Amino acid sequence: MTQAPATAPGAAAPAPAPPAPARPWYRDPAWYQAYGVYVAVGALLLFNALITDRFLTTDNLTTQLVQVAPIVIVALGMALVIGTEGVDLSVGSAMALAAALLPLYLGYGLVPALVLALLAGAVTGLVNGVLVSVAGLQPIVATLALFVGGRGLALVLADGQLKQIINPDLLSLGTASLLGVPVVVLIAAGLALAVAFLVARTTFGRQIVAIGGNRKAAVLAGLPVKRVLTGVYILCGTFAALAGILATARLTASDPSSLGTLMELSAITAVVVGGTPLSGGSVRVLGTVAGAVLMQLLRATLVKHDLPDSTAQIAQAAIIVAAVYVARERRSR
Amino acid sequence: MAPPEAATPGAGPPVLQAAGVGKRFPGVVALDDVSFDLRAGEVHALVGENGAGKSTLIKVLTGVHRPDAGELRLAGEPVRFQRPFEAQQAGVSTIYQEVNLVPLMSVARNVFLGREPRNRLRLIDFPRMNREAAELLDGFGVRVDPRRPLHTLGLGTQQMVALARAVSVQARVVVMDEPTSSLEPREVETLFRVIEELRARDVAVVYVSHRMDELYRICDRVTVLRDGRHIHTGPLKGLERMRLVSMMLGRDMAEVRRDGVTGFAADGHDAARTPVLTADGLTRRHQLDGVSLSLHAGEVLGLGGLLGSGRSETAKALAGGLALDSGEVTVAGKVLRRITPAAAIEAGISMLPEDRKAEGIVPGLSVRENIVLAALPRLSRAGIVSRARQDRVVEIFMKRLRIKASSPEQKVGELSGGNQQKVLLARWLCLEPRVLLLDEPTRGIDVGAKAEVQGLIDELAGEGLAVLLISSDIEELIEGADRIVVLRSGAPAGELAGDAVTEPALLEVLADSAPTPRPAEEAEPR
Amino acid sequence: MNAPRPAEPTAASATADPKAAPAPLSDAPSVRAGTEEPSGRERLLGLVQRQGVLAVLLAVILVASLLYPSFASLDNARGVTAQASFLAIVALGMTLVIITGGIDLSVGSVFALGGVLAAWASQWGLLPALLVPLLVCGAIGLVNGLLIGRAGLAPFIVTLATLLGARGLLLAFTDEGATTYLVPKGSAFAWLGGGTVWGFIIPVLIALALFGVGGLVLQRTSFGQGLFAVGGSSDAATLMGLPVARTKVLVYTLSGLLAGLAGALNAARLTSGVTILGVGMELDAISAVVIGGTLLIGGAGSVSGTLWGVLLLAVIQNLINQIGSLNSSYQSVVSGGFLVVVVVAQRYLARGRRST
Amino acid sequence: ASGCSKSETADTSKGDATAGAQATQPADTSGKGCTLETYGAPKLDLKNAVVGFSQSEKEANPFRIAETQSIKDEAAKIGVKKLLTTNAQSQLPKQISDIQDMLAQGAEFLIVAPLNSDGLEPAFKAAAAKKVPVLTVDRKVNAEACKDYLSFLGSDFVEQGKRAADAMIEATGGKGQVAILLGASGNNVTTDRTKGFVDRVEEKAPDLKIVAQQTGEFARDKGQQVMEQLIQSKPGITGVYAENDEMGLGAITALKANGKKPGEDVKIVSVDGTRNAVQALAKGEMNAVIESNPRFGPLAFATAKKFYADESIPENVLITDREYDQDNAEKSLGGAY
Ligand SMILES: Nc1ncnc2c1ncn2[C@@H]1O[C@H](COP(=O)(O)OP(=O)(O)OP(=O)(O)O)[C@@H](O)[C@H]1O
Ligand SMILES: Nc1ncnc2c1ncn2[C@@H]1O[C@H](COP(=O)(O)OP(=O)(O)OP(=O)(O)O)[C@@H](O)[C@H]1O
Ligand SMILES: [Mg+2]
Ligand SMILES: [Mg+2]
């Protein structure tokens, strides 16, 4: 059946119908589309509270937040890219590049090393952005190149080696907390707020959405399309690098060979489960955060109940489909 | 082809009926208890203001939307079309308002999509398909290489292709939603000829148009919708034009009569001596061939020409949407070095594009955001958009252009065609341009709004704006423009000024330029 | 905006040599009377544009043969085609999916699952060994298709989920990867994967045949034309009365079937149901399709292009091995670089035909 | 024992430069052994030969780096004419075509580190067709020795699991709860190391409960994440068996961040013997590391030499992996890779 309308055809509609059809929220598809993720997060929390031992403890919840923070950061950048009707497969490689650079430059001090690592992310973004906006490549292919090559480059830089990090300042980035909240989580939350503001209130943010909504119209309306596109990919790359730095600090080691593998899929899943359409033209920041949290809680649940990998993967697949199905855009017809 | 006896319009049996049909969209009642019947061999006009529900009714009739209430009957039998496919199977063929063909596919493939000619091996016979497409289109006065991708054709030509497709199936009912909105007089004549043939074959035709004179020329009966409600159905003959308009607008006759139907003032404008914008020898291979023109503050310059004569290209080139091989554009004495859309806007040039669906609206964004899109940098400080300033601008323009939306936050994609056009106009006006390039500004706009827009054009010119007006509506061009430049095959073919701006004079220049359809090879994707 | 020209995508595509523009998207034959005959040069240009990958492929082969004598050997050709054949079959399905404007990320997992199922079922003979994977993988494709075509979900996310799901099924079926089913040696099924004709393994021939059929279906049947229409404009296709949902369901089912078939043939060749196969294969398939000139936004493409794309990837791989002891990290860098060069070159060759 | 065991094998307990070389176990004499004649390969002088080495995974972890390096070093030392190396980047089809490519480039002797125990048959067939002997290292393939391939050099992964279990039982006293950090799903190494461990624990220490088996995909960060989850949900865990060092080190990080003492509160045993792990062991943060020695170069070329010297080569040349514990860690550090 194609998108059965909530009101059955032929059902008697009151002749002078009020402009907004009165429908209880629980029967309104728009409601699920808007709030589905949050409900799912709540449901999973509730489920765990009842079923899983020691779930609703501060320690455990903190652990979940700390683990999800890098994914959130990457997903925020990804959400912007997806808003322009693009996608960035190279985020995992950008993380690896940042991680590989850190130990090489920590000798010059923490700040130079951090700046360099972030810059590496920005440069990957720049390359992607130029390939997409100037060369006119399709985003998947444009970023596929760095997906393949970026990690290789990171490994070349690191000589294929995992390196232990001993710089205490960098390490404290991974472990320190402020008022009981880990710094990693604070950074992710701050970034989410910043991106929400960017999307809702800045020229740049609105231009992102317009470009994703109708590229030709944006061009004719004089929007700096190439600049905005390049900027979006640079942001995404930089966010990925930041996530790479934080993950490295937490791991206490720079591990370019495995850091951020499959991150692109996690991030895209978070964005899409969070209600941002892959067809561009809208960005849901809070939804993206909720999407990432949902997938994190799901992974945690599966691990805590010691389900084998096979079951875990099938369960994840089912949840993704269910989440997207509930939140799907129902075309009225 | 001789029209059948005028005495028996629509006397045939009802082929397609809608009884008490209702359709709601979130926040809007698009159709409310509308009944409609269509008889074999009649041409049935469907009229109403923008947003009255004409397109929605058509979509209900053809299986795109499912009605919330009421039922459809095909030859007396109740039917429920689940999708357009089923309606087409049942012999209902439709040309939708926005050209709905596949841009990347060739003309021939578009014409025959879904019913391609096969050879003995049951495989598509491309030579035959191309041949048949070419012959078919030839009958519609369109001479294009059928292997050309559709998107390389102008909107008008695309419309003719859609027409050819819809008519070439053996349908019982042919529905046409604003088929002439981007057609030239010559094509309109072709279309009318086709409609006569359909009528002679006892096919029922639904015809939607905002052009009154067309309705009176070919339609037998008329149904008027207003705000989603059925207002009137009856023979068109003997129905006074003013009365029809008053039914559509819901205002009384006297009021309508007083306001008049076209919005242009009778007298011309006082143009400034020195031009604001001069274009010199605009050239682009195979599209433009040395177009020169000058635009003065406070005047409306008409740009005339046949389909594909390069009017849209000229406007696009001036607005930076099309790269030029050579030529120079000067605005207020300053030569524009590189024309990009941003540079053109910076220089005070605004262009309302011809194809509002593909090049204009951002359907997923709200009315507010669509209006302020180009003006964002001006409405923001340090990159942060001021919501208050936005709201002010949006409020002013929604009022001034009478944009009909449930709120500024409604998605533009949900508005009726005419209102979308107004939103776009607002987008460009809020930039406070010096030069306004209008490519078919009243395309698909209802009589009331059309008069408003025309009045607005007058007013803007009066305020000192330089306006370039491209219109396929000859009447509009004659009445609106102070001066008309006519293009032929991308080159200037003549100019009418002052008292010479008359319909016969224009038609004469156009006729001169008519008989040389450009070889298809020369065209260019745009 | 500091672009050298107002070279936004719309404009950029229009700056190309107009002489070459009217190259039809279909492989429609001869020029119609009444229009100018294109000159030989224009024809050549049109051909290069349509088959940009082929030009790149031939150039790479030429250069490689000159540089490395062992490259041009028949042996090497057999090896390269053998490796390419399985990816080719998967990429064929991917091409059809991408032409409809979709994407199928699940093919890698489905490929692996198909192999495991085939190896398991091969103990009962050739027919089960082919039917079981086709049934299961076709069903996964069908689920993709229903969720995408009927429920209107985004292809990317649906097939991402089935990527996980199919892998999960595979693990469940093999005791978390602990069991590897073996194809009985000397069985007809093993012959299907390992037998050779003139030194080329049978899957190569199967792949060629499938591409032939695929090309015909795509270019010369209504179903194929429907794929282009759905990809070019799904709304328009609906309004033109095409069975859009059914087309999508079919095309994802086909993709699942082809991935399953490729997996089964591969299992026959390896004579075992290897559990670790297919990771990242979807990206290889997508690369091949896109290198082959098929637009990811849908609406344009060809299966022949995909065939060249697959071969190009295989040849590049082979070339990297010919260059010799390149560190594995450098190999990735080189592959990534190659990808950019090829795609950019391909795009600039074909730009006259494009618009975004 | 046949004459296969190498005389120059270093004393494993010595922490000097020669440390870390492989030692072979007494050969399995049940098999007939493989000779040039039975294998049907042409005679060859390694010095003037083209030798190919097919690596399975990226040289992005200590094991693979050391393995490739060792082969390269030894080839240089012996002075083979040309060493071709390829890397399958964890793609089985690529390994097959890698091997075929090397054959096409004229390789006369192949050393293969198989990515998987099954599925390399087409590659072996191609080699057999050209009468090129294939020596497999580090992972055993399910094929016929002396026919599909010459012989296998490497460790017994099931045995590694068993020894890890022994170490775990010793560290925990055979009581408590253990978690297993599994390697990548579907991988033979994972399967074998799990099987050995689980079987031995069941057999010897029924009081040691295996409460969790979750994959850490052989990666440090995944190991860390899984461990963090387990610390919260199963606070009673007293032992962690990591199927490679990286995951073990990840577990240490997770434990430390949660205020637990790895090596004391929670005993950790892992497999591999990388430098980082042995260092952790020396610091007392781990309890045992079972070695899996990657330095196949000397042994592989020695075996090849013997083969061409018409000696008989046993089906399996199993190496004796060492075991590091907290006592010998410090001085064995030089032998870790
Ligand atoms: N898909 C939709 N979603 C929400 N509202 C819609 C949708 N389609 C139409 N509407 C609303 O239904 C009403 C009728 O629109 P319709 O397109 O039928 O008008 P119309 O008479 O064809 O106008 P026009 O002359 O401008 O084409 C409008 O208020 C419009 O905003
Ligand atoms: N009847 C036709 N025969 C051949 N080519 C045509 C025809 N109509 C349009 N074209 C092609 O379409 C392209 C675009 O023309 P376009 O429509 O933009 O011009 P125009 O003067 O703005 O006309 P309009 O805006 O009324 O369609 C032209 O390059 C022309 O080659
Ligand atoms: Mg309409
Ligand atoms: Mg035009």
Side-chain angles (χ1 to χ4, degrees), chain A residues 48 52-55 57-64 66-68 70 95-96 99 148 151-152 154-156 158-165 171 174-175 182 244 247-248 250-263 296 299-310 312-313, chain D residues 57-66 68-69 87 89-90 179-187 190 194 210-236 245-247 249-250 252-254 256-259 274-276 279-280:
Chain A
N48 276 302
T52 311
D53 286 344
R54 283 175 287 274
F55 194 87
T57 64
T58 330
D59 273 358
N60 181 51
L61 295 180
T62 311
T63 301
Q64 306 313 327
V66 167
Q67 286 198 2
V68 81
M95 290 177 73
V148 176
R151 189 172 295 275
L155 285 167
V156 169
D159 212 10
Q161 302 276 6
L162 176 147
K163 294 203 181 67
Q164 209 71 37
I165 302 278
L171 290 182
T175 49
T248 301
R250 248 175 50 71
L251 190 61
T252 70
S254 146
D255 182 6
S257 74
S258 81
L259 188 74
T261 43
L262 295 186
M263 180 54 102
Q296 172 67 28
R299 272 191 302 272
T301 310
L302 296 168
V303 170
K304 286 172 195 292
H305 291 272
D306 198 31
L307 292 173
D309 217 18
S310 54
Q313 298 205 9
Chain D
E57 292 167 13
K58 271 190 190 176
E59 284 97 7
N61 64 55
F63 186 94
R64 296 296 162 193
I65 296 172
T68 304
Q69 199 55 48
N87 191 306
Q89 317 241 9
S90 303
I180 306 181
L181 298 179
L182 302 169
S185 296
N187 191 307
T190 305
T194 311
I210 297 172
V211 294
Q213 295 191 35
Q214 286 291 314
T215 177
E217 290 165 29
F218 286 136
R220 190 182 290 199
D221 56 340
K222 305 280 175 348
Q224 179 194 23
Q225 285 173 11
V226 170
M227 195 63 221
E228 282 173 346
Q229 298 289 3
L230 294 178
I231 293 169
Q232 301 297 338
S233 61
K234 303 212 160 67
D245 286 348
E246 283 303 308
M247 296 189 291
L249 292 164
I252 293 179
T253 317
K256 282 206 274 194
N258 277 271
T274 60
R275 187 173 299 271
N276 284 331
Q279 256 161 3

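Chain letters run A, B, ... following the sequence lines, proteins first and then strands; every chain starts at 1. Side chains are part of it too, since the values below use all heavy atoms of this structure and drop only hydrogens, waters and symmetry mates. Being a predicted model, the structure only gives us computed values, none of them experimental.
- Most heavy-atom pairs under 4.5 Å with chain A, from the set K256(D), E217(D), Q213(D): that is Q213(D).
- The candidate from R299(A), Q161(A), H305(A), R250(A) with the greatest count of non-hydrogen atom pairs under 4.5 Å with chain D is R250(A).
- For chain A, the nearby parts of D221(D) are the backbone and the side chain; heavy atoms of each come within less than 4.5 Å.
- Rounding to the nearest 0.5 Å gives a distance of 10.5 Å between CD of Q224(D) and CG of D255(A).
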side-chain contact (heavy atoms from CB on, under 4.5 Å) between Q229(D) and Q64(A), worked out: CA-CA 8 Å; Q229(D) 298 289 3; Q64(A) 306 313 327; 2.8 Å; yes
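- Residue S257(A) holds its OG atom at 10.0 Å from CZ of R220(D), rounded to the nearest 0.5 Å.
- Residue contact with chain D, scored on non-hydrogen atoms closer than 4.5 Å, is absent for T248(A).
- Put simply, CD on Q225(D) and OG1 on T63(A) are 11.0 Å apart, with the number rounded to the nearest 0.5 Å.
- Among P62(D), P235(D), G250(D), the residue with the largest count of heavy-atom pairs under 4.5 Å with chain A is P235(D).
- Heavy-atom distances place the side chain of E246(D), and not its backbone, under 4.5 Å from chain A.
- Proximity to chain D involves both the backbone and the side chain of D59(A), based on heavy atoms less than 4.5 angstrom apart.
- How far CG of D159(A) is from CD of E59(D): 11.0 Å, rounded to the nearest 0.5 Å.
- Side-chain atoms of Q214(D) and D306(A) include a donor-acceptor pair closer than 3.5 Å.
- The part of L155(A) that comes within reach of chain D is its side chain, from C-beta onward, which places non-hydrogen atoms under 4.5 angstrom from that chain.
- Of the inter-residue distances, the one linking L162(A) atom CG with N61(D) atom CG reads 9.5 Å to the nearest 0.5 angstrom.
- Put simply, the residue from L61(A), V303(A), T57(A), T62(A) that forms a side chain to side chain contact (heavy atoms under 4.5 Å, CB included) with Q232(D) is T57(A).
- Side chain to side chain, Q279(D) and Q164(A) fail the donor-acceptor criterion of an N or O pair below 3.5 Å.
- With hydrogens and angles disregarded, a donor-acceptor distance shorter than 3.5 Å links the side chain of K234(D) to the backbone of K304(A).
- Only the side chain of K222(D) comes within contact range of chain A, with at least one heavy atom under 4.5 Å from a heavy atom of that chain.
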